[in-house]
2 protein chains.
Amino acid sequence: MQRQNGVALWRQIADRIRTAIADGTYDQTGRLPAEARLASEFSVNRHTVRAALASLAQEGVVRAIQGRGTLIERRDRISFPISSRTRFTEGVAGQASNLEGLLLDAQEEAASPEVARALQVGEGSAVLRLETVRKADGRPLSAATGWFPLPRFAGLVDAYRRTGSITRAFALCGLADYLRARTEISATHAEDRDLQALGLTPGAIVLVSTAVNVDLDGTVVQYAVSRFPADRVQLTVTGG
Amino acid sequence: MQRQNGVALWRQIADRIRTAIADGTYDQTGRLPAEARLASEFSVNRHTVRAALASLAQEGVVRAIQGRGTLIERRDRISFPISSRTRFTEGVAGQASNLEGLLLDAQEEAASPEVARALQVGEGSAVLRLETVRKADGRPLSAATGWFPLPRFAGLVDAYRRTGSITRAFALCGLADYLRARTEISATHAEDRDLQALGLTPGAIVLVSTAVNVDLDGTVVQYAVSRFPADRVQLTVTGG
DNA sequence: ATTAATTTGTCCGTATGTATC
DNA sequence: GGATACATACGGACAAATTAA
């Protein structure tokens, strides 16, 4: 474990314990080894381990009980499937209950160079921007910004408000089917907006998916940038 | 920019500047804004920005010259395509020169539960494990561990040594074609092994791809866990 | 029911790193 | 560069809660 490189020891340890929990390392006992034992495993002071555990408790991953130990509260990493028929709601159905989609903001705006290129429209064309957050069991799963060409999808905002689903909102706008053309996946440290939107702590990792959806004619219908908390979500690419 | 949450401010700033460089934000000038300007943008003291730049200079990403400014030395983000026909060598060809594949280790071992499930063989069956590092222009692009069922691929080690490519080594073992069945993508902080294998600094992010390749009959031929430095590589999923 | 062992919680103090002014 | 405030990490000691003998 490296020291004095800008990342506190307790945070490095918290990250490793969180990963180990997600990997199922402690599934047999349902709790972590004692603080003293973890301290010896990581070759650090017990106080440093305690700082790491306090951070994980704050996230709701573990819960410490005096005399009993540190119990694992949550070991779910939701798998988000990516394929030619990527659908958010269907994709996570069965892995979590109480799915909800929140519409944070909806604005008509002029296409930036990046958006214009992705949507294959002229720079400055009118586009619709939707800011959404998806939650499962009350915890944020993704924060997404979607751009849609206008005037084709002028009715999308109301449709999304009614249905809470892009797929069903598309259907109400006359688009019965669509395909995922391309997805770029990168990862970065959580930025300020992620801390709030996804309920993360600084230093956390977000998976960033940049996607283009097209209709059956190949016309671009959506450009979306989605941000997933990497400790709660993994992406699964199902070939073909 | 959040403070005192386990990640030093100078490291958060270094990470964001590194990402901005990789995204091409400063391509027009080829250099960073002045330290005082960066300090005001990030709302921190100039000393803090200097610590971030010193770290980036240490990595070889930028070079500060007194009187001239901070010049960008390296801005490479390679896009690694994932599809049903994922091939490492073909995928990055054209994006980088001097591609090399290093074989770090090759061992015959008994399949762990995880490996046995992925390869669809009995737990404890003989499997071949290959540890490889791919480099482009001398810089690590990925560190991968691959498992292959035995005895089918007993000759794979020699074949890989001769060809430097899994695809060509498969061909020498009589497997002319194979498909990517499934890819799981997650992200985590660099661990000790990543720091060495990928030449990263603590706090850096690695994209972790867990993949299963099958032959045309659907028999699993490879289970692989690849680790990519997130500031140099992004993954692209080409639908269908 | 007591006792002992285990485990987390809290307090003291000290040294060093981080960030600002 | 120096002064200041706070965070990080270590070391030790003991209290409090739970479990096992």
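Below, chains carry the letters A, B, ... as their sequence lines are ordered, and counting in each starts from 1. When reading the values below, keep in mind they use all heavy atoms of this one structure, side chains included, and skip hydrogens, waters and symmetry mates.
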Under 4.0 Å, heavy atoms only, any strand: does A:Ile65 hit a base, just the sugar-phosphate, or nothing? sugar-phosphate

Among C:dT10, C:dT20, D:dC10, the nucleotide that comes nearest once only the side chain of A:Asn45 is considered: D:dC10

May I ask you to check if A:Arg16 and A:Phe42 form a cation-pi contact, with NZ or CZ under 6.0 angstrom from the six-membered ring centre and within 45° of the axis? no

Would A:Thr236 and A:Ser79 count as having a side-chain donor-acceptor pair, cut-off 3.5 Å? yes

Does B:Leu38 reach the side chain of B:Ile13, with side-chain heavy atoms less than 4.5 Å apart? no

Nucleotide D:dA17, atom P - distance to CG of A:Leu71 in whole Å: 17 Å

Closest to the A:Ala64 side chain, choosing from D:dG12, C:dT8, C:dC21: C:dT8

Per A:Leu9 side chain, nearest of listed nucleotides C:dC21, C:dT7, D:dA9: D:dA9

Of the listed nucleotides (C:dT20, D:dA9, C:dT8), which one gets closest to any side-chain atom of A:Ala8? D:dA9

Whole-Å distance, A:Leu32 CG to C:dT6 P, equals 19 Å

Counting only side-chain nitrogens and oxygens, does A:Thr48 get under 4.0 Å of the OP1 or OP2 atom of D:dC10? yes

Roughly, in whole Å, what's the span from CZ in B:Arg11 to C1' in D:dT8? 16 Å

Between P on C:dG17 and CH2 on B:Trp10, what's the gap in Å once rounded to a whole number? 12 Å

Can you tell if the side chain of B:Tyr223 reaches within under 4.5 Å of the side chain of B:Thr210, non-hydrogen atoms only? yes

Nucleotide of C:dC21, D:dA15, D:dG11 approaching A:Gln66 most closely (side-chain heavy atoms): D:dA15

Write down the distance between CZ (A:Arg31) and C1' (D:dT18), rounded to a whole number of angstrom. 10 Å

Verify the contact: side-chain N or O of A:Arg68 to OP1 or OP2 of D:dT19, cut-off strictly under 4.0 Å; return yes or no. yes

Does the side chain of A:Arg50 get closer than 4.0 angstrom to OP1 or OP2 of C:dG9 through an N or O atom? yes

Evaluate the ring planes of B:Phe228 and B:Phe88, with Trp represented by its six-membered ring, and classify them as parallel (under 30°), tilted (30 to 60°) or perpendicular (over 60°). parallel

Do A:His47 side-chain and D:dG12 base share a donor-acceptor contact under 3.5 Å? yes

Is any side-chain N or O of A:Arg46 under 3.5 Å from a base N or O of C:dG9, one able to act as donor and the other as acceptor? yes

Looking at the side chain of A:Thr70, which of C:dT8, C:dT20, D:dG12 is the nearest nucleotide? C:dT8

